[in-house]
Amino acid sequence: MSDLYLRFVNTPVGKSAAQSLGLPAPVPLKRWQRADQPFIEGDVLVGAAKGGKAIAGVGSILSASPANVFHASGADTIADSAKAGDKTTALDLGGDIEQKFSALVFDATGLTGPSELRALYDFFHPIIRKLASNGRVLIIGQDPTHSRKPAQAAAQRALEGFTRSIGKEVGKKGATANLLLIASGAEKQIESSVRFFLSPRSAYVSGQVARIAKSAQAATATNPVAPLSGKVALVTGASRGIGESIAETLARDGATVIGLDIPPAMDDLQKVTDRIKGKALACDITDSQAPKQIADFVKEHFDGIDLVVHNAGITRDKTLGNMPEHFWDMAIAVNLTAEELIDEELLSQELLRENGRIVCVSSISGIAGNFGQTNYSCAKSGVIGYVEAMAKQLKNGITINAVAPGFIETQMTAAMPLTIREAGRRMNSLSQGGQPVDVAEAIAWYCNPASVGVNGNVVRVCGQSLIGK
Ligand code: NAD
(Lines give C-alpha, C1' and ligand atoms only; values in the text may rest on other atoms or scores of the structure.)
Protein backbone atom coordinates (compact mmCIF):
# COMPACT_ATOMS: atom_id res chain seq x y z
CA MET A 1 0.00 0.00 0.00
CA SER A 2 1.30 3.42 -0.82
CA ASP A 3 1.91 6.30 1.56
CA LEU A 4 1.53 9.38 -0.66
CA TYR A 5 2.33 11.80 2.16
CA LEU A 6 5.68 10.10 2.83
CA ARG A 7 6.54 10.47 -0.86
CA PHE A 8 5.35 14.10 -0.96
CA VAL A 9 7.36 15.32 2.06
CA ASN A 10 10.47 13.83 0.51
CA THR A 11 10.21 16.07 -2.56
CA PRO A 12 11.83 19.57 -2.32
CA VAL A 13 8.40 21.29 -2.31
CA GLY A 14 6.96 18.84 0.21
CA LYS A 15 9.96 19.21 2.52
CA SER A 16 9.65 22.98 2.78
CA ALA A 17 5.84 22.80 3.06
CA ALA A 18 6.12 20.32 5.96
CA GLN A 19 8.77 22.50 7.61
CA SER A 20 6.80 25.72 7.41
CA LEU A 21 3.54 24.09 8.55
CA GLY A 22 5.22 22.10 11.34
CA LEU A 23 3.97 18.79 9.89
CA PRO A 24 5.75 15.45 10.42
CA ALA A 25 8.47 14.76 7.86
CA PRO A 26 9.06 11.00 7.86
CA VAL A 27 12.39 9.81 6.46
CA PRO A 28 12.17 6.87 3.99
CA LEU A 29 13.45 3.82 5.85
CA LYS A 30 16.33 1.82 4.41
CA ARG A 31 15.49 -1.87 4.38
CA TRP A 32 17.63 -4.92 3.70
CA GLN A 33 18.11 -5.29 -0.06
CA ARG A 34 20.71 -7.76 -1.28
CA ALA A 35 22.09 -11.15 -0.31
CA ASP A 36 25.67 -9.93 0.17
CA GLN A 37 24.65 -6.81 2.11
CA PRO A 38 26.64 -6.47 5.37
CA PHE A 39 24.57 -6.08 8.52
CA ILE A 40 26.24 -2.74 9.19
CA GLU A 41 28.48 -0.37 7.24
CA GLY A 42 30.00 3.06 7.84
CA ASP A 43 31.39 4.37 11.13
CA VAL A 44 30.23 2.70 14.33
CA LEU A 45 31.00 3.94 17.83
CA VAL A 46 30.99 1.52 20.75
CA GLY A 47 31.30 2.22 24.44
CA ALA A 48 30.96 0.53 27.80
CA ALA A 49 30.27 1.46 31.39
CA LYS A 50 32.82 0.09 33.86
CA GLY A 51 32.62 -3.68 34.23
CA GLY A 52 30.82 -4.23 30.93
CA LYS A 53 30.53 -7.93 30.11
CA ALA A 54 29.33 -7.65 26.51
CA ILE A 55 31.76 -5.14 25.02
CA ALA A 56 34.40 -7.69 23.94
CA GLY A 57 31.72 -9.77 22.21
CA VAL A 58 30.28 -6.69 20.50
CA GLY A 59 33.78 -5.76 19.26
CA SER A 60 34.28 -9.20 17.78
CA ILE A 61 30.81 -9.28 16.12
CA LEU A 62 31.50 -5.88 14.54
CA SER A 63 34.96 -6.95 13.40
CA ALA A 64 33.23 -9.34 10.96
CA SER A 65 31.55 -6.35 9.27
CA PRO A 66 33.12 -3.77 6.95
CA ALA A 67 32.26 -0.99 9.45
CA ASN A 68 34.99 1.28 10.84
CA VAL A 69 34.70 0.68 14.54
CA PHE A 70 35.68 3.32 17.10
CA HIS A 71 35.63 3.00 20.88
CA ALA A 72 34.77 5.94 23.07
CA SER A 73 37.33 7.57 25.35
CA GLY A 74 37.59 10.78 27.32
CA ALA A 75 35.65 10.01 30.51
CA ASP A 76 36.38 7.71 33.47
CA THR A 77 32.85 6.31 33.45
CA ILE A 78 33.34 4.84 29.97
CA ALA A 79 36.96 3.76 30.34
CA ASP A 80 36.09 0.09 29.66
CA SER A 81 35.14 0.93 26.06
CA ALA A 82 38.70 -0.08 25.04
CA LYS A 83 37.76 -3.71 25.78
CA ALA A 84 36.06 -3.69 22.36
CA GLY A 85 39.43 -4.91 21.09
CA ASP A 86 42.52 -4.03 19.07
CA LYS A 87 40.64 -3.67 15.81
CA THR A 88 38.86 -0.56 17.12
CA THR A 89 40.22 2.99 17.15
CA ALA A 90 39.94 5.26 20.19
CA LEU A 91 37.78 8.35 19.71
CA ASP A 92 37.99 11.16 22.28
CA LEU A 93 34.43 12.32 22.92
CA GLY A 94 35.78 15.62 24.28
CA GLY A 95 37.33 16.54 20.91
CA ASP A 96 35.89 17.74 17.60
CA ILE A 97 33.97 14.91 15.97
CA GLU A 98 33.55 15.23 12.24
CA GLN A 99 31.88 12.02 11.14
CA LYS A 100 28.31 10.74 11.30
CA PHE A 101 27.78 7.31 12.86
CA SER A 102 25.65 4.56 11.40
CA ALA A 103 25.37 3.02 14.87
CA LEU A 104 26.06 3.81 18.52
CA VAL A 105 26.37 0.69 20.69
CA PHE A 106 26.67 0.92 24.47
CA ASP A 107 27.36 -1.92 26.89
CA ALA A 108 25.65 -0.98 30.15
CA THR A 109 25.80 -4.48 31.69
CA GLY A 110 28.36 -3.28 34.26
CA LEU A 111 26.11 -0.65 35.89
CA THR A 112 25.65 -1.52 39.56
CA GLY A 113 23.74 1.51 40.86
CA PRO A 114 22.00 4.76 39.91
CA SER A 115 25.09 6.97 40.36
CA GLU A 116 26.79 5.02 37.56
CA LEU A 117 24.03 5.97 35.10
CA ARG A 118 26.22 9.02 34.43
CA ALA A 119 28.06 6.76 31.96
CA LEU A 120 25.03 6.95 29.65
CA TYR A 121 25.21 10.73 29.61
CA ASP A 122 29.00 10.74 29.14
CA PHE A 123 28.74 8.41 26.13
CA PHE A 124 25.59 9.65 24.38
CA HIS A 125 25.51 13.40 25.12
CA PRO A 126 28.50 14.38 22.95
CA ILE A 127 27.58 12.05 20.13
CA ILE A 128 23.83 11.65 19.76
CA ARG A 129 23.55 14.50 17.25
CA LYS A 130 26.14 12.69 15.13
CA LEU A 131 23.85 9.72 14.56
CA ALA A 132 23.24 9.39 10.82
CA SER A 133 19.85 9.20 9.14
CA ASN A 134 18.54 5.60 9.44
CA GLY A 135 21.12 5.09 12.23
CA ARG A 136 20.92 2.59 15.05
CA VAL A 137 21.26 2.96 18.82
CA LEU A 138 21.68 -0.34 20.64
CA ILE A 139 22.08 -0.57 24.39
CA ILE A 140 22.95 -3.83 26.11
CA GLY A 141 22.04 -4.34 29.76
CA GLN A 142 21.44 -7.10 32.28
CA ASP A 143 17.94 -8.38 32.86
CA PRO A 144 16.95 -6.56 36.12
CA THR A 145 14.39 -9.21 36.99
CA HIS A 146 17.33 -11.54 37.72
CA SER A 147 19.05 -9.11 40.11
CA ARG A 148 18.84 -9.51 43.87
CA LYS A 149 20.45 -6.11 44.43
CA PRO A 150 17.94 -3.24 44.36
CA ALA A 151 20.50 -0.60 43.32
CA GLN A 152 21.68 -2.72 40.40
CA ALA A 153 18.10 -3.56 39.40
CA ALA A 154 17.25 0.16 39.47
CA ALA A 155 20.19 1.06 37.22
CA GLN A 156 19.45 -1.75 34.78
CA ARG A 157 15.70 -1.04 34.67
CA ALA A 158 16.54 2.63 34.07
CA LEU A 159 17.94 1.62 30.68
CA GLU A 160 14.41 0.97 29.46
CA GLY A 161 13.17 4.53 29.97
CA PHE A 162 16.42 5.89 28.58
CA THR A 163 16.27 3.76 25.43
CA ARG A 164 12.61 4.53 24.78
CA SER A 165 13.25 8.27 25.14
CA ILE A 166 16.24 8.15 22.77
CA GLY A 167 14.00 6.30 20.28
CA LYS A 168 11.55 9.19 20.40
CA GLU A 169 14.35 11.72 19.85
CA VAL A 170 16.09 9.99 16.93
CA GLY A 171 12.94 8.73 15.17
CA LYS A 172 12.68 11.90 13.10
CA LYS A 173 15.91 10.82 11.37
CA GLY A 174 14.43 7.42 10.56
CA ALA A 175 16.76 6.06 13.25
CA THR A 176 15.89 3.50 15.94
CA ALA A 177 16.91 2.74 19.54
CA ASN A 178 16.54 -0.66 21.19
CA LEU A 179 17.63 -2.43 24.37
CA LEU A 180 18.96 -5.98 24.65
CA LEU A 181 18.78 -7.38 28.17
CA ILE A 182 20.96 -10.41 28.67
CA ALA A 183 20.97 -12.95 31.47
CA SER A 184 24.23 -13.67 33.21
CA GLY A 185 26.10 -16.25 31.13
CA ALA A 186 24.26 -15.38 27.89
CA GLU A 187 27.01 -13.04 26.64
CA LYS A 188 28.01 -15.55 23.95
CA GLN A 189 24.45 -15.76 22.63
CA ILE A 190 23.97 -12.17 21.52
CA GLU A 191 25.28 -12.32 17.96
CA SER A 192 22.07 -12.91 15.97
CA SER A 193 20.30 -10.23 18.02
CA VAL A 194 23.10 -7.64 17.73
CA ARG A 195 23.19 -8.25 13.97
CA PHE A 196 19.41 -7.88 13.69
CA PHE A 197 19.11 -4.69 15.72
CA LEU A 198 22.04 -2.99 13.94
CA SER A 199 20.89 -3.99 10.45
CA PRO A 200 18.31 -2.57 8.02
CA ARG A 201 16.21 -5.65 8.87
CA SER A 202 15.01 -3.90 12.05
CA ALA A 203 14.06 -0.68 10.21
CA TYR A 204 10.60 -0.45 11.85
CA VAL A 205 11.53 -1.83 15.30
CA SER A 206 12.22 0.91 17.84
CA GLY A 207 11.85 1.47 21.57
CA GLN A 208 11.88 -2.27 22.17
CA VAL A 209 13.35 -4.41 24.91
CA ALA A 210 14.45 -7.92 23.89
CA ARG A 211 15.61 -10.46 26.44
CA ILE A 212 18.22 -13.16 25.90
CA ALA A 213 18.27 -16.00 28.40
CA LYS A 214 21.15 -18.39 28.97
CA SER A 215 20.50 -21.45 26.87
CA ALA A 216 21.97 -24.92 27.13
CA GLN A 217 22.06 -25.00 23.31
CA ALA A 218 25.09 -23.56 21.56
CA ALA A 219 24.42 -20.42 19.51
CA THR A 220 25.34 -22.25 16.33
CA ALA A 221 27.38 -20.18 13.91
CA THR A 222 25.21 -20.03 10.84
CA ASN A 223 25.56 -19.10 7.22
CA PRO A 224 24.57 -15.38 7.32
CA VAL A 225 23.22 -15.52 3.75
CA ALA A 226 20.99 -18.58 4.23
CA PRO A 227 20.73 -19.24 7.99
CA LEU A 228 17.59 -21.36 7.57
CA SER A 229 18.96 -23.80 4.97
CA GLY A 230 17.60 -27.27 5.55
CA LYS A 231 14.73 -26.02 7.73
CA VAL A 232 11.05 -26.65 7.04
CA ALA A 233 8.63 -23.86 7.96
CA LEU A 234 4.84 -23.67 8.26
CA VAL A 235 3.35 -20.19 7.74
CA THR A 236 -0.39 -19.75 8.25
CA GLY A 237 -2.28 -17.07 6.32
CA ALA A 238 0.48 -17.06 3.68
CA SER A 239 -1.54 -16.06 0.59
CA ARG A 240 -1.19 -12.29 1.09
CA GLY A 241 -0.12 -9.43 3.33
CA ILE A 242 2.23 -10.10 6.20
CA GLY A 243 2.00 -13.90 5.78
CA GLU A 244 3.12 -13.73 2.15
CA SER A 245 6.11 -11.64 3.20
CA ILE A 246 6.98 -14.04 6.04
CA ALA A 247 6.89 -16.97 3.59
CA GLU A 248 9.13 -15.11 1.13
CA THR A 249 11.56 -13.97 3.83
CA LEU A 250 11.96 -17.42 5.40
CA ALA A 251 12.45 -18.90 1.88
CA ARG A 252 15.01 -16.16 1.13
CA ASP A 253 16.86 -17.29 4.24
CA GLY A 254 16.93 -20.88 2.97
CA ALA A 255 13.83 -22.54 4.47
CA THR A 256 11.37 -24.74 2.57
CA VAL A 257 7.98 -23.23 3.31
CA ILE A 258 4.57 -24.85 3.68
CA GLY A 259 2.16 -21.98 3.06
CA LEU A 260 -1.31 -22.47 4.53
CA ASP A 261 -4.50 -20.54 3.87
CA ILE A 262 -8.25 -21.01 3.61
CA PRO A 263 -9.53 -22.87 0.48
CA PRO A 264 -10.91 -19.67 -1.22
CA ALA A 265 -7.38 -18.17 -1.10
CA MET A 266 -5.77 -21.15 -2.90
CA ASP A 267 -5.08 -19.37 -6.21
CA ASP A 268 -3.16 -16.59 -4.49
CA LEU A 269 -1.46 -19.03 -2.13
CA GLN A 270 -0.33 -21.26 -4.98
CA LYS A 271 1.28 -18.25 -6.69
CA VAL A 272 3.23 -17.48 -3.51
CA THR A 273 4.39 -21.05 -2.90
CA ASP A 274 5.28 -21.61 -6.58
CA ARG A 275 7.43 -18.48 -6.49
CA ILE A 276 9.37 -19.66 -3.44
CA LYS A 277 9.37 -23.37 -4.38
CA GLY A 278 7.29 -24.25 -1.35
CA LYS A 279 4.13 -26.27 -0.79
CA ALA A 280 0.57 -25.00 -0.50
CA LEU A 281 -1.89 -26.37 2.04
CA ALA A 282 -5.59 -25.44 1.86
CA CYS A 283 -6.91 -25.51 5.40
CA ASP A 284 -9.20 -23.49 7.63
CA ILE A 285 -7.32 -23.45 10.92
CA THR A 286 -10.57 -23.24 12.89
CA ASP A 287 -11.77 -26.55 11.48
CA SER A 288 -11.72 -29.27 14.18
CA GLN A 289 -9.68 -31.49 11.83
CA ALA A 290 -7.11 -28.75 11.03
CA PRO A 291 -4.36 -29.77 13.53
CA LYS A 292 -4.47 -33.37 12.28
CA GLN A 293 -4.62 -32.25 8.64
CA ILE A 294 -1.48 -30.13 9.17
CA ALA A 295 0.34 -32.92 10.99
CA ASP A 296 -0.57 -35.41 8.23
CA PHE A 297 0.67 -32.99 5.56
CA VAL A 298 3.99 -32.55 7.39
CA LYS A 299 4.39 -36.34 7.69
CA GLU A 300 3.49 -36.89 4.04
CA HIS A 301 6.04 -34.41 2.66
CA PHE A 302 8.71 -34.09 5.35
CA ASP A 303 9.65 -36.10 8.41
CA GLY A 304 9.22 -33.12 10.71
CA ILE A 305 9.10 -29.37 10.90
CA ASP A 306 11.43 -26.72 12.33
CA LEU A 307 9.56 -23.41 12.23
CA VAL A 308 5.89 -22.74 12.91
CA VAL A 309 4.62 -19.21 12.29
CA HIS A 310 1.06 -18.52 13.43
CA ASN A 311 0.27 -15.52 11.27
CA ALA A 312 -3.33 -16.10 10.12
CA GLY A 313 -5.59 -13.56 11.76
CA ILE A 314 -8.87 -11.73 11.31
CA THR A 315 -10.55 -8.65 12.69
CA ARG A 316 -14.32 -8.52 13.24
CA ASP A 317 -14.72 -5.02 14.70
CA LYS A 318 -17.83 -3.77 16.53
CA THR A 319 -18.29 -2.12 19.91
CA LEU A 320 -19.08 -4.81 22.46
CA GLY A 321 -22.77 -3.92 22.80
CA ASN A 322 -23.24 -4.18 19.03
CA MET A 323 -21.10 -7.26 18.48
CA PRO A 324 -22.86 -10.37 17.16
CA GLU A 325 -21.73 -13.57 18.88
CA HIS A 326 -20.18 -15.06 15.74
CA PHE A 327 -17.83 -12.02 15.54
CA TRP A 328 -16.61 -12.82 19.02
CA ASP A 329 -16.27 -16.55 18.40
CA MET A 330 -14.45 -16.19 15.07
CA ALA A 331 -11.91 -13.65 16.34
CA ILE A 332 -11.00 -15.84 19.32
CA ALA A 333 -10.93 -19.06 17.26
CA VAL A 334 -8.67 -17.79 14.43
CA ASN A 335 -6.37 -15.50 16.41
CA LEU A 336 -5.87 -17.61 19.52
CA THR A 337 -7.44 -21.05 19.94
CA ALA A 338 -6.22 -22.48 16.62
CA GLU A 339 -2.58 -21.68 17.44
CA GLU A 340 -2.69 -23.59 20.68
CA LEU A 341 -4.40 -26.63 19.13
CA ILE A 342 -1.96 -26.80 16.17
CA ASP A 343 1.07 -26.60 18.49
CA GLU A 344 -0.41 -29.25 20.77
CA GLU A 345 -0.80 -31.65 17.86
CA LEU A 346 2.66 -31.02 16.39
CA LEU A 347 4.31 -31.34 19.81
CA SER A 348 2.38 -34.43 20.88
CA GLN A 349 3.31 -36.19 17.62
CA GLU A 350 6.92 -34.98 18.13
CA LEU A 351 6.90 -33.38 14.69
CA LEU A 352 8.52 -30.14 15.85
CA ARG A 353 12.21 -30.87 15.67
CA GLU A 354 14.98 -30.08 18.19
CA ASN A 355 15.85 -26.34 18.20
CA GLY A 356 12.48 -25.65 16.63
CA ARG A 357 10.89 -22.23 16.65
CA ILE A 358 7.28 -21.21 17.23
CA VAL A 359 6.40 -17.62 16.42
CA CYS A 360 3.01 -16.04 17.10
CA VAL A 361 1.68 -12.82 15.64
CA SER A 362 0.03 -10.66 18.30
CA SER A 363 -0.77 -6.97 17.83
CA ILE A 364 -0.37 -3.68 19.66
CA SER A 365 -4.16 -3.93 20.07
CA GLY A 366 -3.41 -6.89 22.35
CA ILE A 367 -1.14 -4.65 24.45
CA ALA A 368 -3.05 -1.36 24.54
CA GLY A 369 -6.62 -2.39 23.66
CA ASN A 370 -8.52 -0.68 20.88
CA PHE A 371 -11.98 0.83 20.41
CA GLY A 372 -14.30 -1.66 18.73
CA GLN A 373 -11.83 -4.53 19.09
CA THR A 374 -12.69 -6.22 22.39
CA ASN A 375 -12.70 -9.59 20.62
CA TYR A 376 -9.46 -9.06 18.65
CA SER A 377 -7.57 -7.40 21.53
CA CYS A 378 -8.69 -10.16 23.86
CA ALA A 379 -7.36 -12.82 21.47
CA LYS A 380 -4.09 -11.00 20.70
CA SER A 381 -3.49 -10.40 24.41
CA GLY A 382 -4.15 -14.10 25.00
CA VAL A 383 -1.42 -14.85 22.46
CA ILE A 384 1.06 -13.03 24.72
CA GLY A 385 -0.01 -15.04 27.77
CA TYR A 386 0.31 -18.24 25.76
CA VAL A 387 3.82 -17.37 24.55
CA GLU A 388 5.03 -16.41 28.02
CA ALA A 389 3.75 -19.64 29.58
CA MET A 390 4.90 -21.93 26.76
CA ALA A 391 8.40 -20.40 26.82
CA LYS A 392 8.89 -21.87 30.30
CA GLN A 393 7.72 -25.35 29.28
CA LEU A 394 9.19 -26.10 25.87
CA LYS A 395 12.08 -28.55 25.76
CA ASN A 396 14.74 -29.66 23.24
CA GLY A 397 15.89 -26.12 22.52
CA ILE A 398 12.50 -25.15 21.08
CA THR A 399 11.71 -21.46 21.59
CA ILE A 400 8.49 -19.47 21.30
CA ASN A 401 8.21 -15.72 20.77
CA ALA A 402 5.71 -13.20 19.47
CA VAL A 403 5.78 -10.12 17.33
CA ALA A 404 3.23 -7.40 17.97
CA PRO A 405 2.82 -5.36 14.77
CA GLY A 406 1.59 -1.79 14.91
CA PHE A 407 0.31 -0.10 11.76
CA ILE A 408 1.49 -2.20 8.81
CA GLU A 409 0.55 -1.30 5.21
CA THR A 410 -1.66 -4.26 4.16
CA GLN A 411 -5.18 -4.90 2.87
CA MET A 412 -6.28 -5.07 6.52
CA THR A 413 -5.18 -1.45 7.17
CA ALA A 414 -6.10 -0.22 3.67
CA ALA A 415 -9.72 -1.03 4.59
CA MET A 416 -9.64 1.51 7.49
CA PRO A 417 -11.40 4.89 7.15
CA LEU A 418 -8.95 7.55 5.86
CA THR A 419 -8.64 9.65 9.03
CA ILE A 420 -8.04 6.61 11.29
CA ARG A 421 -5.56 5.23 8.74
CA GLU A 422 -3.62 8.53 8.61
CA ALA A 423 -3.54 8.73 12.42
CA GLY A 424 -2.31 5.12 12.63
CA ARG A 425 0.47 5.82 10.15
CA ARG A 426 1.79 8.97 11.81
CA MET A 427 1.40 8.22 15.53
CA ASN A 428 4.80 6.64 16.01
CA SER A 429 8.40 7.82 16.34
CA LEU A 430 9.10 7.18 12.64
CA SER A 431 5.85 8.95 11.49
CA GLN A 432 5.02 6.24 8.97
CA GLY A 433 3.46 2.80 8.65
CA GLY A 434 5.57 -0.33 8.51
CA GLN A 435 5.80 -2.77 5.61
CA PRO A 436 4.91 -6.48 5.84
CA VAL A 437 8.61 -7.28 5.42
CA ASP A 438 9.39 -5.46 8.69
CA VAL A 439 7.31 -8.03 10.58
CA ALA A 440 8.81 -10.85 8.50
CA GLU A 441 12.38 -9.77 9.29
CA ALA A 442 11.70 -9.82 13.04
CA ILE A 443 10.27 -13.33 12.67
CA ALA A 444 13.34 -14.41 10.68
CA TRP A 445 15.52 -13.17 13.57
CA TYR A 446 13.53 -15.30 16.06
CA CYS A 447 13.83 -18.27 13.66
CA ASN A 448 17.60 -17.94 13.24
CA PRO A 449 19.30 -21.07 14.67
CA ALA A 450 21.68 -18.76 16.57
CA SER A 451 18.78 -17.06 18.44
CA VAL A 452 18.87 -19.83 21.05
CA GLY A 453 18.32 -17.70 24.15
CA VAL A 454 15.64 -15.53 22.56
CA ASN A 455 12.60 -17.09 24.19
CA GLY A 456 9.32 -15.73 25.54
CA ASN A 457 9.78 -12.29 23.96
CA VAL A 458 7.08 -10.02 22.63
CA VAL A 459 8.77 -7.50 20.36
CA ARG A 460 6.64 -4.80 18.80
CA VAL A 461 7.15 -3.97 15.16
CA CYS A 462 5.43 -0.61 15.34
CA GLY A 463 7.96 2.18 14.76
CA GLN A 464 7.56 2.89 18.51
CA SER A 465 3.85 3.57 18.29
CA LEU A 466 2.46 6.07 20.78
CA ILE A 467 -0.24 3.50 21.51
CA GLY A 468 0.59 0.93 24.15
CA LYS A 469 3.05 0.85 27.02
P1 NAD B 1 -4.57 -10.18 5.96
O2 NAD B 1 -6.04 -10.13 6.21
O3 NAD B 1 -4.02 -9.47 4.78
O4 NAD B 1 -4.05 -11.70 5.95
C5 NAD B 1 -4.50 -12.66 6.88
C6 NAD B 1 -4.43 -14.02 6.21
O7 NAD B 1 -4.93 -15.00 7.14
C8 NAD B 1 -5.31 -14.10 4.96
O9 NAD B 1 -4.59 -14.67 3.90
C10 NAD B 1 -6.47 -14.97 5.40
O11 NAD B 1 -7.06 -15.71 4.34
C12 NAD B 1 -5.78 -15.88 6.43
N13 NAD B 1 -6.79 -16.49 7.31
C14 NAD B 1 -7.82 -15.87 7.94
N15 NAD B 1 -8.57 -16.78 8.58
C16 NAD B 1 -8.00 -18.00 8.38
C17 NAD B 1 -8.35 -19.30 8.76
N18 NAD B 1 -9.42 -19.56 9.51
N19 NAD B 1 -7.55 -20.34 8.35
C20 NAD B 1 -6.47 -20.09 7.58
N21 NAD B 1 -6.10 -18.86 7.18
C22 NAD B 1 -6.86 -17.82 7.56
O23 NAD B 1 -3.91 -9.62 7.31
P24 NAD B 1 -2.43 -9.08 7.59
O25 NAD B 1 -2.53 -7.61 7.76
O26 NAD B 1 -1.44 -9.64 6.68
O27 NAD B 1 -2.23 -9.69 9.06
C28 NAD B 1 -1.45 -10.83 9.35
C29 NAD B 1 -1.37 -11.00 10.87
O30 NAD B 1 -0.83 -9.81 11.45
C31 NAD B 1 -2.73 -11.21 11.52
O32 NAD B 1 -2.59 -12.12 12.59
C33 NAD B 1 -3.06 -9.83 12.04
O34 NAD B 1 -3.97 -9.89 13.12
C35 NAD B 1 -1.70 -9.33 12.45
N36 NAD B 1 -1.58 -7.88 12.53
C37 NAD B 1 -1.68 -7.08 11.42
C38 NAD B 1 -1.54 -5.71 11.55
C39 NAD B 1 -1.60 -4.77 10.37
O40 NAD B 1 -1.42 -3.56 10.56
N41 NAD B 1 -1.80 -5.22 9.15
C42 NAD B 1 -1.31 -5.14 12.81
C43 NAD B 1 -1.23 -5.98 13.90
C44 NAD B 1 -1.35 -7.34 13.76
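These numbers were taken from a predicted model, which means no experiment stands behind them. Order of listing sets the numbers, starting from 1, for every ligand and every atom in it.
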Close N or O approach (I408, ligand 1; < 3.5 Å): yes
salt_bridge(R164, E160) N-O dist < 4.0 Å: yes
Y376 N/O to ligand 1 N/O under 3.5 Å: yes
Rounded distance [0.5 Å steps], CG in L228 versus CG in N448: 6.5 Å
Of the listed options L269, V334, N311, closest to atom 31 (C) of ligand 1 (non-hydrogen atoms): N311
Which of the ligand 1 atoms, numbered from 1, are nearer than 4.0 Å to a heavy atom of G241: 26 (O)
Cationic N near anionic O, under 4.0 Å, E169 to R129: no
Residue portion contacting ligand 1 (non-hydrogen atoms closer than 4.0 Å) for I285: both
C283 near ligand 1 by a heavy-atom separation under 4.0 Å: yes
Side-chain donor/acceptor of R426 to backbone N/O of S431, under 3.5 Å: yes
Close N or O approach (S239, ligand 1; < 3.5 Å): yes
Heavy atom of G406, distance to ligand 1 below 4.0 Å: yes
Presence of salt bridge, D268 and R240, under 4.0 angstrom: no
Electrostatic pair R31-E441, nearest N-O below 4.0 angstrom: no
Heteroatom proximity flag, N335 to ligand 1, N/O under 3.5 Å: no
NZ/NE/NH1/NH2 to OD/OE distance under 4.0 Å, E345 and K292: no
I364-ligand 1 polar pair, N/O distance under 3.5 Å: no
From S215 atom OG to N355 atom CG, the distance as rounded to the nearest 0.5 Å: 7.5 Å
Pick from V272, D261, D287: the one approaching atom 10 (C) of ligand 1 most closely through a non-hydrogen atom: D261
Sub-4.0 Å heavy-atom approach of A333 to ligand 1: no
Atom indices of ligand 1, in the order listed, that fall short of 4.0 Å to a heavy atom of A312: 7 (O), 13 (N), 21 (N), 22 (C), 32 (O)
S362: numbered ligand 1 atoms lying under 4.0 Å from its heavy atoms: 44 (C)
Min heavy-atom dist K380 to ligand 1 below 4.0 Å: yes
Proximity to ligand 1 by part of I314, non-hydrogen separation under 4.0 Å: side chain
Under 4.0 Å to a heavy atom of G237 - the qualifying atoms of ligand 1, by number: 6 (C), 7 (O), 9 (O), 12 (C)
Side-chain (K277) to main-chain (D274) donor-acceptor, under 3.5 angstrom: no
From V461, I262, T410 - option closest to atom 25 (O) of ligand 1 by heavy atom: T410
W32/F39 aromatic ring centres below 6.0 Å: no
D253 bridged to K231 by N-O distance under 4.0 Å: no
Part of D284 within contact of ligand 1 (heavy atoms, under 4.0 Å): both
Subset of ligand 1 atoms that lie under 4.0 Å from at least one heavy atom of L260: 20 (C)
Heavy-atom nearest neighbour of atom 27 (O) of ligand 1 within options T236, T315, I246, I242: I242
Separation of F197 CZ from R136 CZ (nearest 0.5 Å): 10.0 Å
